[in-house]
Amino acid sequence: MFGCLVAGRLVQAAPQQVAEDKFVFDLPDYENINHVVVFMLGTLPFPEGMGGSVYFCYPDQNGMAVWQLLGFVTNEKPSAIFKISGLKSGKGSQHPFGAMNLPQTPTVAQIGISVELLESLAQQTPVASAAVSSVDSFTEFTQKMLDNFYNFASSFAVTQAQMTPNPSEAFIPANVVLKWYENFQRRLTQNPLFWKT
């Protein structure tokens, strides 16, 4: 029913079932994992009105399991990406895995999925730092590129008194570049795909 993916590793499609409604994936060498993707395989949907809360579990200094809620997957949202790199020093939260004696070793963490009512999923609060940035990578790249271009172009700014005549060069006033920069930023904020039209 579920799969788990870490970049550079094989897909895990056979979780360990630890209870009727609870499943776990082992994440060896978890210190080197930044993001994890949890998804439904598409072979079996959740029963009507049900979904799955997704937890990250890692061993603390004493080898005790620390569980943190990452988010959820449902029939309507069958996959999610979670950032786990910043969670390894946080505090645990309430979790439905109880005192299950899941094996914990210093280098193995786990992803746990608990099948629950959608109403209870809506009332849960995931760890804030697990959410992947809502700004997609294209928008982020474009904003960084704009900043870099404007800073680069501005570094060549000279006053009219400093200009020397050169018939082979064209000069663009800095306020024109600034106006273009501000217009592009505004349009990108309104619609990141405006450039496709």
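Keep in mind that what you see is a predicted model, and the values were worked out from it rather than measured.
In terms of heavy-atom proximity, Arg9 sits nearest to Asp29 at NH2-O, 3.3 Å. In plain terms, the two heavy atoms of Leu27 and Cys4 that are nearest each other are CD2-SG, 4.1 Å. Looking at every heavy atom in both residues, Val115 comes nearest to Met50 through CG1-CE, 3.8 Å. Contact between Leu69 and Val54 at its shortest, heavy atoms only, is CD1-O, 3.4 Å. Contact record, Ser53 with Glu116: OG-OE2, 2.8 Å, taken as the closest heavy-atom pair. Shortest non-hydrogen contact noted between Ala65 and Cys57 is CB-SG, 3.5 Å.
Under a hydrophobic clustering in which Ile, Leu, Val, Met, Phe, Trp and Tyr are joined whenever their side-chain heavy atoms come within less than 4.5 Å, directly or via other members, Met40 and Phe82 fall into the same cluster. Follow the hydrophobic side-chain contacts under 4.5 Å out from Ile81 and you never reach Leu121; the two are in separate clusters. Both Val176 and Phe149 are members of a single hydrophobic cluster when ILVMFWY side chains are connected at heavy-atom separations under 4.5 Å.
The aromatic rings of Trp180 and Phe184 sit tilted, their planes meeting at an angle between 30° and 60°.
At a threshold of 4.5 Å between non-hydrogen side-chain atoms, the residues Ile113 and Phe25 count as touching. In this structure, Phe56 and Val66 have side chains that are not in contact, with every pair of non-hydrogen atoms separated by 4.5 Å or more. The side-chain heavy atoms of Phe156 and Ile172, taken from C-beta on, include no pair separated by under 4.5 Å.
Here the CD-CG distance, from Gln123 to Leu117, works out to 10.0 Å after rounding to the nearest 0.5 Å. Distance check, rounded to the nearest 0.5 Å: CD1 of Ile84 to NE2 of His35 gives 9.0 Å.
Looking at Gln17, its side chain does come within 3.5 Å of a backbone N or O of Glu20 through a donor-acceptor pair. A side-chain donor-acceptor contact under 3.5 Å links Asn75 to the backbone of Phe46.
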Test log, rule side chain to side chain contact (heavy atoms under 4.5 Å, CB included), inputs Val36 and Tyr30
CA-CA 10 Å; Val36 64; Tyr30 75 95; over 6 Å; no
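Surrounding CZ of Phe72 are at most 12 heavy atoms belonging to other residues, nucleotides or ligands under 6.0 Å away. Remark: Gln162 CD is packed, more than 12 non-hydrogen atoms of other residues, nucleotides or ligands lying under 6.0 Å away. Surrounding NZ of Lys179 are at most 12 heavy atoms belonging to other residues, nucleotides or ligands under 6.0 Å away. Shown here is Phe171, whose CZ atom has more than 12 heavy atoms of other residues, nucleotides or ligands within 6.0 Å. Atom CG of Leu44 has more than 12 neighbouring heavy atoms from other residues, nucleotides or ligands inside a 6.0 Å radius.
Using modelled atom types, one finds no donor on one side chain facing an acceptor on the other under 3.5 Å when comparing Gln110 with Gln16.
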